[in-house]
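Let me begin by presenting the structure, written as C-alpha cells, before commenting on it.
From a predicted model like this one, the values you see are computed outputs, not experimental measurements. A note on names: the letters A, B, ... follow the listed sequences, proteins ahead of strands, and every chain is numbered from 1.
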Number of protein chains: 4
Amino acid sequence: MKSEQRRNQILEAAERVFARKGFHAANVSDIVQEAGIARGTFYLYFVSKRAVFEALLDKFFPLLVSKVKAVSQDQGVEEIWEQLRQNTKGILKVFLDNPELAQLVLNEAVGLDKGFDEKLMDFYHKLIIYTKESLEVGMEMGLVRPDINPFVIATAIIGAVKELVYDFMHLDFKEVDLDTLVDNLLSFTLQGVFDHRIISLLGGEQD
Amino acid sequence: MKSEQRRNQILEAAERVFARKGFHAANVSDIVQEAGIARGTFYLYFVSKRAVFEALLDKFFPLLVSKVKAVSQDQGVEEIWEQLRQNTKGILKVFLDNPELAQLVLNEAVGLDKGFDEKLMDFYHKLIIYTKESLEVGMEMGLVRPDINPFVIATAIIGAVKELVYDFMHLDFKEVDLDTLVDNLLSFTLQGVFDHRIISLLGGEQD
Amino acid sequence: MKSEQRRNQILEAAERVFARKGFHAANVSDIVQEAGIARGTFYLYFVSKRAVFEALLDKFFPLLVSKVKAVSQDQGVEEIWEQLRQNTKGILKVFLDNPELAQLVLNEAVGLDKGFDEKLMDFYHKLIIYTKESLEVGMEMGLVRPDINPFVIATAIIGAVKELVYDFMHLDFKEVDLDTLVDNLLSFTLQGVFDHRIISLLGGEQD
Amino acid sequence: MKSEQRRNQILEAAERVFARKGFHAANVSDIVQEAGIARGTFYLYFVSKRAVFEALLDKFFPLLVSKVKAVSQDQGVEEIWEQLRQNTKGILKVFLDNPELAQLVLNEAVGLDKGFDEKLMDFYHKLIIYTKESLEVGMEMGLVRPDINPFVIATAIIGAVKELVYDFMHLDFKEVDLDTLVDNLLSFTLQGVFDHRIISLLGGEQD
DNA sequence: AATGAATGAGCGTTCATTCAT
DNA sequence: AATGAATGAACGCTCATTCAT
C-alpha cells in the first residue's frame, strides 16, 4: 500500500506538471522534481513518461461515467429533464473540479503519435457511443425526433461539451456561472434533439 | 516575387509534412527534404520551425471566413435556412477539402506550449465571436429564442463542428455523407437555437 | 557454512545468467531473480557485479589443472603419447562440460576494462607457462626438437585450444566428435613440436 | 572528399579510443573529444557507436587478405615454404603495424551481443575457411598429410595466430623478435601439417 | 541475515539552429 | 540567395549500488 501511495504521489505531480507545461514541454526531470523523488524512482512506477500520461487518462473516464445515471423509460418527461440536468451538471463539474485532468484530456494528448491519438479517440469514442445509445433510447420513447442520425448528433454534443469546458476554463467566461452553462447547454441540446411536439410542451413551461 | 514563391514552396511542403507526421514528429529535415531545398534556406524564410506552423495557421482562417455569407434581416425564414445551409456546408467543405490544414488546426497545434495554445484559441475565438454575432442578429429578427446566452451557444456550436469534422476525418463515418452531416448538424443546431414557434413552422415542413 | 551455501547459490545463478546473456547484458536484477534473492542480499556476498565474475573465473582454473597429469621422464614414448592424449581430452572435456564457464573465459571476460583483461591474461598465462614447462621437459628428454622457442609454441598451442573449443561450441562442428577433435589437435601439435626422428617413428605407427 | 576526410578523422579517433578503453568503456563523448568535433557531428557520419566499430572491423579484413598470396601447384616445395613464410610474416605484420585494429579484432568485439559476435565470428570464419582451402590444396599436392581434418586444423592455426599476436602485443615478448615469431609459428604449423616424408626432407635442410 | 525501494550519475542519441563558404 | 556541415544543449531512460527497515 506504501507503493500505491508513491505511485499516486508521482501521478499527482505529473498531473500538475502536464497541466502547467503540456505533455511535450514537460520533462521527466520536471515531474521528479515536482514529486521530490529521484529520476530512477519514477521509472520504478512507470515504464515511461507516456505511461504516466496514460494512467492519468485512465483515471478520468470512470470519474465521468460515475456521474451519469441512465434515464429509464418509466420516468416522466419532467423527471427525465431533471435527470439529464443532473447528468450534464455532474459531467461539467467533474471537468471543472479536475482542471488538470480536464486540461490533459482536452488538450495535451492530441497529436502525440498515432498510437496515442487512438487512445484518446477511444476515450471520446466511448463518450460518444454512450451518448448515442441514450439518444436511441430517447427515440424509442418518442422523445427524440426520428429524423436525426444519432451518431452524428452524439458526436456534435460531445464536441459542444468539450469546447464549452475548455473555453470555460481558459476564457473569460466570468459572467457565466455553472448553472447558466448547464441550462444553456441542456436546453440547446435537448431542443436540438427533441421532437418538436415535446418542445412545445416544455417550451410552454419554460416561458 | 521570386522570394514569395520560395516561401510558398516551403509552406506547402511543411503543410504536407505536418499533416503526415504531426508537428512534433516532423523535423526541419523532413520539411527541407520535401521542399527540395537546403537546411539553411529554410531559415532564410522562416525564423523557426514554429514560424512556418503559425504561417500555415494564418492561411486557414480567411479560407473559412470566405465561405460564410451573412444572413440579412430582409431574407425570409426559408431563404435564411438555405443560406445557413450553404454556410455550414461551405465551412465543412473547407475543412474536408484541406485535410492537411484541418488536421493542423484541429489536432497538431494543441498542447505545444502556452503561447501557441493562445494563438490557436484566438483562431477559434474569432469563429465563436462570429457565430455569436450571427445568433444575436437572429435574436433581433425573432428567429432565435431570447432565453439563450449567445456566447455559450456559439461556443457549443463551434465545438460541435470541430468534433464532427475531426471524427469525420478520422473515424469510420463511411456510411454518412457530407449532406447527411450538414443536414443533421444544421437541424440539430437550428432547432436548438430557434424559437419553438419557428420550429413548429419548419418542423411542419420537414415532416 | 549456511553462508557458504548462499554464496554458491548466487555464484551458480550468476553463471547461468552470464552464459545466457553475456556479462554486459546481464543485470544484477537478472542474477538476483535467477537466484531468488533480494537485491541487497547480493551485495552481502559480493561487493560488485564484477566480483561474482571474478569468483567464477577463480573456480575454473583449478578445474582445468586437475585434469592434467604431468608426463615424467620414466615413461616411454607411447606412454607419453597416451598421457598427453588423456590430458588434452581432459582439458577439452572440462571446457565442453562447463559451457557456461567456458563461455565466460573465452568470450565474456574479454574487453571489459584494463584491469579485467589482466586478470584474464593471468589465467591464460598460467596455462601457457604450464605448457611451456612441459615442452621444456620434452626437450630435455629429446622428444621435442630443440630449435623451437618453447614460450612461443606454448602460446600457439593454447591459442589453438581456445579457438577450437570456442568454435566447437558456437559453430557447426557437428560432423566432428570430441575424439576426432582431440586426435587432430594432438597429432597436429605433437608433430609440430616433436623431433622429426620421433615423428617418423610415430608416423610409421599411424599409417 | 572533404566528407571522406572527416569520416576518417572520426574513424581514427574511435580506433584510438577503443584500443585505449575497450568498446564498452569508451563513450561517444570520448570519441568526439579525441576527434575534436561536436557530439552531433559524430552522428552525421555514423548512425551509432556500434557503427563506427563495424566500420573499423570492415577496414581490417581486406588489409589481411591483401598480404596473402596463394601458393600454386607449380611451385617447388622450397618456393612454397618461402611463400608461406612471406604470407605469415605479412599477416603478423599487419596485426603488429595496426595494434589498435588488432586489439579490436582480438579483444573488444567479443561478447557485445549476439549480432555482434556473429559479425566477428564471420571475420574469423573467413580466415579459417581460407586456411582450410589452402590445406586442401596442400593435400592434393601431397604436401599435407591426408589424415588430418583440414577444418579442425585450420581452426587451430588461426587460434594459434590470434593468441600469438595478442600476447606479443600485451606480454613481455621482448626477447622474441618478429622473425623468431614467424619462424617458430611456421615451423610448428608446417611440421604439424606436412607429411612426415616432406618434413624429413626439410628437416634435413634445417639442421 | 535479509529485504527491496530509492538513488542519481551517466549513457547514447536527436534535432533546431548557426555560419563559413 | 543558397548551401549543408557543424553544433551542443537537452532528452528519456538504465542500472549498479546503497541503506533504512
Side-chain angles (χ1 to χ4, degrees), chain A residues 2-3 5-7 9-10 24-33 35-52, chain B residues 2-3 5-7 10 23-33 35-52, chain C residues 2-3 5-7 10 23-33 35-52, chain D residues 2-3 5-7 9-10 24-33 35-52:
Chain A
K2 201 67 181 275
S3 154
Q5 275 171 30
R6 178 54 50 108
R7 198 185 131 93
Q9 174 193 0
I10 297 172
H24 289 100
N27 304 335
V28 174
S29 306
D30 295 323
I31 298 172
V32 301
Q33 194 176 25
I37 57 167
R39 265 174 122 60
T41 309
F42 175 89
Y43 286 94
L44 246 34
Y45 292 88
F46 297 96
V47 298
S48 68
K49 176 183 161 187
R50 185 171 144 165
V52 222
Chain B
K2 200 69 179 274
S3 153
Q5 276 171 26
R6 178 56 48 110
R7 200 185 129 91
I10 297 173
F23 181 83
H24 289 100
N27 303 334
V28 174
S29 306
D30 295 323
I31 298 172
V32 300
Q33 194 177 30
I37 57 166
R39 279 170 106 69
T41 309
F42 176 90
Y43 285 92
L44 252 30
Y45 292 88
F46 296 94
V47 299
S48 70
K49 175 183 162 187
R50 187 171 142 165
V52 222
Chain C
K2 201 69 179 272
S3 154
Q5 275 173 27
R6 178 55 49 110
R7 198 185 130 93
I10 297 172
F23 181 84
H24 289 101
N27 303 335
V28 175
S29 306
D30 295 322
I31 299 172
V32 299
Q33 194 178 31
I37 57 166
R39 279 169 107 67
T41 309
F42 176 89
Y43 285 91
L44 252 28
Y45 291 89
F46 297 94
V47 299
S48 68
K49 174 184 164 187
R50 186 171 143 166
V52 221
Chain D
K2 201 66 181 270
S3 154
Q5 274 171 30
R6 177 56 47 113
R7 197 186 131 93
Q9 175 192 1
I10 297 172
H24 290 100
N27 304 334
V28 174
S29 306
D30 296 323
I31 299 172
V32 301
Q33 194 177 24
I37 56 167
R39 267 174 119 61
T41 308
F42 175 90
Y43 285 93
L44 245 34
Y45 293 88
F46 297 95
V47 299
S48 68
K49 175 184 162 186
R50 184 170 147 166
V52 221

Quick check on [N]: is either OP1 or OP2 less than 4.0 Å from any side-chain nitrogen or oxygen of [X]?
{"X": "C:Ser29", "N": "F:dC15", "value": "no"}
{"X": "D:Arg6", "N": "F:dA6", "value": "yes"}
{"X": "C:Thr41", "N": "E:dT3", "value": "yes"}

Which heavy-atom pair separates A:Ser29 from A:Arg39 by the least distance, and what is that distance?
OG-NH1, 2.7 Å
Among [options], the nucleotide that comes nearest once only the side chain of [X] is considered:
{"X": "B:Ala38", "options": "E:dA2, F:dT7, F:dT3", "result": "F:dT3"}
{"X": "D:Lys49", "options": "E:dT13, E:dT7, E:dT17", "result": "E:dT13"}
{"X": "A:Ile37", "options": "E:dT7, F:dC13, F:dT17", "result": "E:dT7"}

Atom [atom1] of [X] to atom [atom2] of [N]: distance rounded to whole Å?
{"X": "C:Gln5", "N": "E:dA2", "atom1": "CD", "atom2": "P", "result": "11 Å"}
{"X": "C:Tyr45", "N": "E:dA1", "atom1": "OH", "atom2": "C1'", "result": "6 Å"}
{"X": "D:Ile31", "N": "E:dC11", "atom1": "CD1", "atom2": "C1'", "result": "13 Å"}
{"X": "A:Gln9", "N": "E:dA5", "atom1": "CD", "atom2": "P", "result": "15 Å"}
{"X": "A:Gln33", "N": "E:dG8", "atom1": "CD", "atom2": "C1'", "result": "14 Å"}
{"X": "A:Ile10", "N": "E:dA5", "atom1": "CD1", "atom2": "P", "result": "12 Å"}
{"X": "D:Phe42", "N": "E:dT13", "atom1": "CZ", "atom2": "P", "result": "8 Å"}
{"X": "D:Phe46", "N": "E:dT14", "atom1": "CZ", "atom2": "C1'", "result": "18 Å"}

Applying the Watson-Crick and G-U wobble criteria at under 3.5 Å, what pairs with E:dT13? Answer none if nothing qualifies.
F:dA10
Could you identify the nucleotide paired to E:dG4, looking across every strand shown and requiring Watson-Crick or G-U wobble geometry with both distances under 3.5 Å?
F:dC19
Positive for side-chain contact (heavy atoms from CB on, under 4.5 Å) with C:Phe46, one of C:Ile10, C:Val28, C:Ile31
C:Ile10
Start at the 5' end of DNA chain E and walk down; is the nucleotide closest to D:Val28 or to B:Asn27 reached first?
D:Val28
Nucleotide N/O to protein N/O under 3.5 Å, stretch nucleotides 18-21 of chain E:
none

Could you tell me the separation between the CZ atom of A:Phe42 and the NZ atom of A:Lys49, rounded to the nearest 0.5 Å?
9.0 Å
Say you draw a straight line from OG1 of A:Thr41 to CZ of A:Arg6; how long is it, rounded to the nearest 0.5 Å?
6.5 Å
With sugar-phosphate meaning primed atoms plus P, OP1 and OP2, does C:Ala26 contact a base, only sugar-phosphate, or nothing at under 4.0 Å between heavy atoms?
sugar-phosphate
